[in-house]
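Beneath this line is the structure, given in structure tokens, with notes to follow.
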Amino acid sequence: MEKSLILAWILVLGMAMAATPCRGYYSIAKPYVPAPKKVTNLHFFLHDTMSGKNPSAVVVARPNMTTAPNNSFGTVVATDDLITVSPDVMSKVIGNAQGLWVMTDQHVFGLTVYMDLGFTAGEFNGSSISIFSRNLVTDTERELAVVGGRGKFRMAQGYAQLKTYFANFTSGNAIVEYKVTVIY
Ligand SMILES: *[C@@H]1O[C@H](CO)[C@@H](O)[C@H](O)[C@H]1NC(C)=O
Ligand SMILES: *[C@@H]1O[C@H](CO)[C@@H](O)[C@H](O)[C@H]1NC(C)=O
Ligand SMILES: *[C@@H]1O[C@H](CO)[C@@H](O)[C@H](O)[C@H]1NC(C)=O
Ligand SMILES: *[C@@H]1O[C@H](CO)[C@@H](O)[C@H](O)[C@H]1NC(C)=O
């Protein structure tokens, strides 16, 4: 009796498996129906601090064959910069900018930034925007590309308009105003 029950189950399972052909590692391609998009503007200040006892940006590698003393081409910097609501570092912290910036310009003082700007307060607590862009830091105003995001900003696109509020190229410290338009 028990044996026939098991046999019956094997038969049922076998039929179910035959009805659903195995497609291996991928699903059937379906048309993508995008949800209506929203736009949000963000405004904050990023503190990139390379000097002092608690730097938020540290050099992790630099080439040993650069020629000019003022040419830092190839330098890689890891960051965990504070994001605050105002230029004052003691103002409300709303997140962190974690990632890398790399000196990628052989002629001018220019970087490429690869950063996850994660928010820790308010409606976007737990969400982030991903920035992947050239950043010509000697230009007072510049634009960076927002290429994605996490959480509420999943699959975001947009742009960030940056304005240097303070910069000391000797110490490497800077406070930068960000005005970001995020479409998600
Ligand atoms: C860079 O490092 C390599 C390997 O240690 C060494 O052979 C070379 O002399 C260094 N170059 C300079 C300019 O210091
Ligand atoms: C290095 O300094 C020289 C002279 O001040 C300047 O012409 C050049 O553009 C500087 N190079 C970089 C990479 O900043
Ligand atoms: C942000 O979210 C984390 C995790 O859910 C939570 O622990 C924290 O209290 C939240 N912070 C604020 C300011 O809402
Ligand atoms: C810039 O940084 C250097 C080195 O830390 C320091 O000596 C100088 O006073 C700073 N300048 C300003 C305007 O903060």
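Every number for a ligand or one of its atoms is a count from 1 in the order of the listing.
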Please determine, by modelled atom types, if R150 and S130 share a side-chain donor-acceptor pair under 3.5 angstrom. no

Using every non-hydrogen atom in the two residues, find where D88 and T84 come nearest and quote the distance to one decimal. O-OG1, 3.9 Å

for atom 5 (O) of ligand 4, nearest protein heavy atom and its distance come out as S171 CB, 3.5 Å

Kindly state if atom 8 (C) of ligand 3 has a protein heavy atom within a strict 4.0 Å cut-off, that is, under 4.0 Å? yes

Is there a donor in the side chain of S56 and an acceptor in the side chain of D80, or the other way round, less than 3.5 Å apart? no

Distance from atom 12 (C) of ligand 3 to nearest protein heavy atom, with residue and atom: N125 ND2, 3.3 Å

Look up atom 14 (O) of ligand 3 and tell me if a protein heavy atom lies less than 4.0 Å from it? yes

Hey, what's the ring geometry for Y184 with F153, parallel, tilted or perpendicular (30° and 60° as the breaks)? perpendicular

Where is the nearest protein heavy atom to atom 2 (O) of ligand 4: which residue, which atom, and how far? N168 ND2, 2.3 Å

Provide the number and element of each atom of ligand 3 under 4.0 Å from a heavy atom of T120. 11 (N), 12 (C), 13 (C)

Mind checking whether F45 and L82 have side chains closer than 4.5 Å, heavy atoms only? no

